[in-house]
Each structure stands twice: as structure tokens, then as C-alpha cells.
Amino acid sequence: MGAILKRELSAYFNSAIAYVVMAVYFFFSGLYFYFYCFEGNTTSLSGVFNNMIYIILFLVPIITMKSFAEEKRQKTDQALLTAPVNLTEIVMGKFFGAYILYAICSVIFLVFSVVIAFFAAPSWGVILCTFIGILLFGAALIAINIFISVLTESMVVAAIFGMAVGFIILMMSTFTSVIPFEWLSAAFEKINFIMYYVNFSYGLLNITDIIFFLSVTALFVFFTVRVLEKRRWS
């Protein structure tokens, strides 16, 4: 897994992807920080965190779009599949490569917290809980988008479908309120990402929310491994 991880990180930082993603992430987070904290004269970062969810939903597909799609397009996936490496290690190497880039971007929230601390006492409990929520939310999104990437050989298609999934996640609350069937509405509510994330933003570290995001992450990593396993033996 270590070799795959190094290869992924090298691929990110030797191309424009890492720098474009970080530039967009830092630009919007800085913009929200300025307007909500400086212009709004508050020490709360909740406005920054909550608005960055929209950016994250559309940035994660860009981070993960090349994970397997590019390998398949360039036919280098055959080398991976025939290598004496466990498929789970391959997927986890890809996952952690994308996740480390995402985590590096997310560290900016801690920088903002330190800046606020120079002027007033920030709510560290709420900030740290929300930061954990952002990391767990990102892990689940990355796992989903890596699964999408393994299904196609086009990075553009992987990115578009990933953004479509992000849009569906955003609209999940709307779906639960307009669906006429109570059982279906309840099902959508159970998989509403935003609902589970909101608890973190209130400073609540709920084991149910943690398990939800970790379960989604593990489930889609498992799906990705199964797709690769089928491809290996076909």
C-alpha cells in the first residue's frame, strides 16, 4: 500500500490537480472566512464550515477522477491488476492518496482558528468537532467518488457523475420533504449526509454520526475492491 500511496501523491503534486484543488479550496474558504468572521465580526467558523460543504462536494470528484479512470484509459490498470499486490491495498493506497490531499486542504480551518485566537477566544470544542465532521464527510465522499472512477475510463465522466452525486446529497433534505411515500422519505432521511454532518457543526460528537460516515467509506471501498476483483478474473 505504501508504494501505491507514494505513487498517488507524486501523481497529484507532479500535475496541476493538487495545486488547482488547493487554490480553489483556499480561495473560497478564505473568502467565507473574511465575510463571515471579519465582516460579520464573529469568532464562530460555522458559516465558513457550512458553506465550504458546497465547495467540497464539487472538489472531491476532481481529486478522485483520475484514481482509476486514468489508469484504465492508459491501460496501466493491467499492470496493477496482475501485480502480486492485494487489491484492497491498491484501493486503500488510492484512497489515502486522495484523502491526504483533502486533509491538507482542510487544515486551513485550523489556521483560521489560530488567527481568531489572536483577537478573541474561539469555541475550540465546536471547531474541533466540526473539523472532525469535515474529515469524516470527506472520507465518505472520496470513497464514493473512487468507486465512480473505477467504473469508467474517462476522467471527465467520473468528475461529472461525482458532481451529480454531490448535487443529490445536497438535495437529499428536499427529497425527504417532497416524497409522498413515508417509507421512502424515511429511507432518504437515514442516508442524508448533511443531517449527520450538522450534528458535528453544533459541537456534538455523536457515535452514530461517526459510524455512518465510516460505514459509507468502508462500503464503497469494498465495492471498489469487488469491481477490481471481477476485472482481474475476467
Side-chain angles (χ1 to χ4, degrees), residues 5-6 8-67 94-146 159 162-163 166-167 169-170 193-194 196-205 209-210 213-214 216-217:
L5 175 58
K6 289 178 183 177
E8 286 300 297
L9 289 174
S10 176
Y12 280 126
F13 287 96
N14 286 334
S15 68
I17 291 179
Y19 305 103
V20 169
V21 167
M22 287 192 293
V24 173
Y25 200 106
F26 294 157
F27 172 77
F28 280 101
S29 59
L31 194 65
Y32 292 136
F33 178 62
Y34 174 76
F35 281 110
Y36 280 94
C37 296
F38 282 91
E39 290 293 321
N41 194 28
T42 178
T43 60
S44 173
L45 284 173
S46 60
V48 183
F49 279 115
N50 294 338
N51 279 278
M52 278 305 294
I53 286 295
Y54 301 102
I55 306 302
I56 288 167
L57 283 167
F58 293 98
L59 271 185
V60 167
I62 295 173
I63 295 174
T64 60
M65 64 183 181
K66 66 183 291 296
S67 297
K94 297 273 188 181
F95 171 82
F96 281 117
Y99 189 68
I100 287 172
L101 174 57
Y102 173 79
I104 289 171
C105 292
S106 299
V107 167
I108 192 66
F109 296 120
L110 299 182
V111 175
F112 292 155
S113 304
V114 172
V115 171
I116 289 174
F118 282 107
F119 302 96
S123 302
W124 285 108
V126 175
I127 289 171
L128 292 176
C129 277
T130 313
F131 183 68
I132 291 170
I134 283 284
L135 292 180
L136 290 170
F137 186 86
L141 281 180
I142 288 169
I144 292 170
N145 280 276
I146 284 179
M163 291 176 186
F167 179 74
I169 288 172
L170 279 179
F193 279 54
I194 304 301
Y196 289 101
Y197 165 75
V198 164
N199 291 331
F200 289 101
S201 68
Y202 292 147
L204 303 173
L205 206 58
D209 304 324
I210 295 172
F213 286 118
L214 291 179
V216 171
T217 303

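Fair warning: this is a prediction, and the values are worked out from it, not measured in the lab.
Counted by atom type alone, Ser44 and Thr42 present zero donor-acceptor pairs between their side chains at under 3.5 Å.
The shortest heavy-atom contact between Asn50 and Ser201 is OD1-CB, 3.8 Å. Here the shortest heavy-atom pairing between Ala139 and Thr217 reads C-OG1, 3.5 Å. Contact record, Ala11 with Ser15: O-OG, 2.9 Å, taken as the closest heavy-atom pair. Minimum interatomic distance between Ile127 and Ser113 (heavy atoms only, all atoms of both residues): CG2-OG, 3.2 Å. Counting all heavy atoms, side chain and backbone alike, Gly97 lies closest to Leu5 at N-CD1, 3.3 Å. A pairwise comparison of heavy atoms in Ser29 and Val48 identifies O-CG1, 3.9 Å as the closest pair.
Rounded to the nearest 0.5 Å, atoms CD1 (Ile142) and CZ (Phe96) are 10.0 Å apart. In this structure, Tyr99 OH and Ser106 OG are separated by 7.5 Å, a value rounded to the nearest 0.5 Å. How far NZ of Lys66 is from OH of Tyr12: 6.0 Å, rounded to the nearest 0.5 Å. Within the model, atoms CZ of Phe95 and OG of Ser67 stand 10.5 Å from one another, a figure rounded to the nearest 0.5 Å. Here the CG-CG distance, from Leu101 to Leu59, works out to 9.5 Å after rounding to the nearest 0.5 Å. Rounding to the nearest 0.5 Å gives a distance of 4.5 Å between CG of Leu45 and SG of Cys37.
Between Thr130 and Phe109 the shortest side-chain heavy-atom distance does not fall below 4.5 Å. Looking at Leu57 and Ile169, their side chains come closer than 4.5 Å, going by heavy atoms from C-beta outward. Residues Tyr102 and Leu141 form no side-chain contact, since every pair of their non-hydrogen atoms from C-beta on lies 4.5 Å or further apart. For the pair Phe13/Met22, a side-chain contact is recorded, criterion being any heavy-atom separation below 4.5 Å from C-beta on. Proximity of Lys6 to Leu9: side-chain heavy atoms (C-beta onward) are nowhere separated by under 4.5 Å. A 4.5 Å side-chain heavy-atom check between Phe49 and Ile53 finds every atom pair outside the cut-off. At a threshold of 4.5 Å between non-hydrogen side-chain atoms, the residues Asp209 and Leu204 do not count as touching. Considering only heavy atoms from C-beta on, Phe58 comes within 4.5 Å of Leu170 through its side chain.
Other residues, nucleotides and ligands contribute more than 12 heavy atoms inside 6.0 Å of the CZ atom of Phe26. No more than 12 heavy-atom neighbours from other residues, nucleotides or ligands sit within 6.0 angstrom of OH on Tyr34.
Listed by chain and residue number, Leu110 satisfy the side chain to side chain contact (heavy atoms under 4.5 Å, CB included) test with Leu128 (two or more places apart in sequence, or in another chain). For the side chain to side chain contact (heavy atoms under 4.5 Å, CB included) test, residues two or more places apart in sequence or in another chain that qualify with Asn51 are Tyr32, Tyr36, Tyr54. Residues passing the side chain to side chain contact (heavy atoms under 4.5 Å, CB included) test with Ile132, sequence neighbours excluded: Leu136, Phe200, Leu205.
Between the side chain of Thr64 and the main chain of Val60, a donor-acceptor pair closer than 3.5 Å is present. Put simply, the side chain of Tyr197 never gets that close to the backbone of Ile134: no donor and acceptor are under 3.5 Å apart. Between the side chain of Tyr196 and the backbone N or O of Phe137 there is no donor-acceptor pair closer than 3.5 Å.
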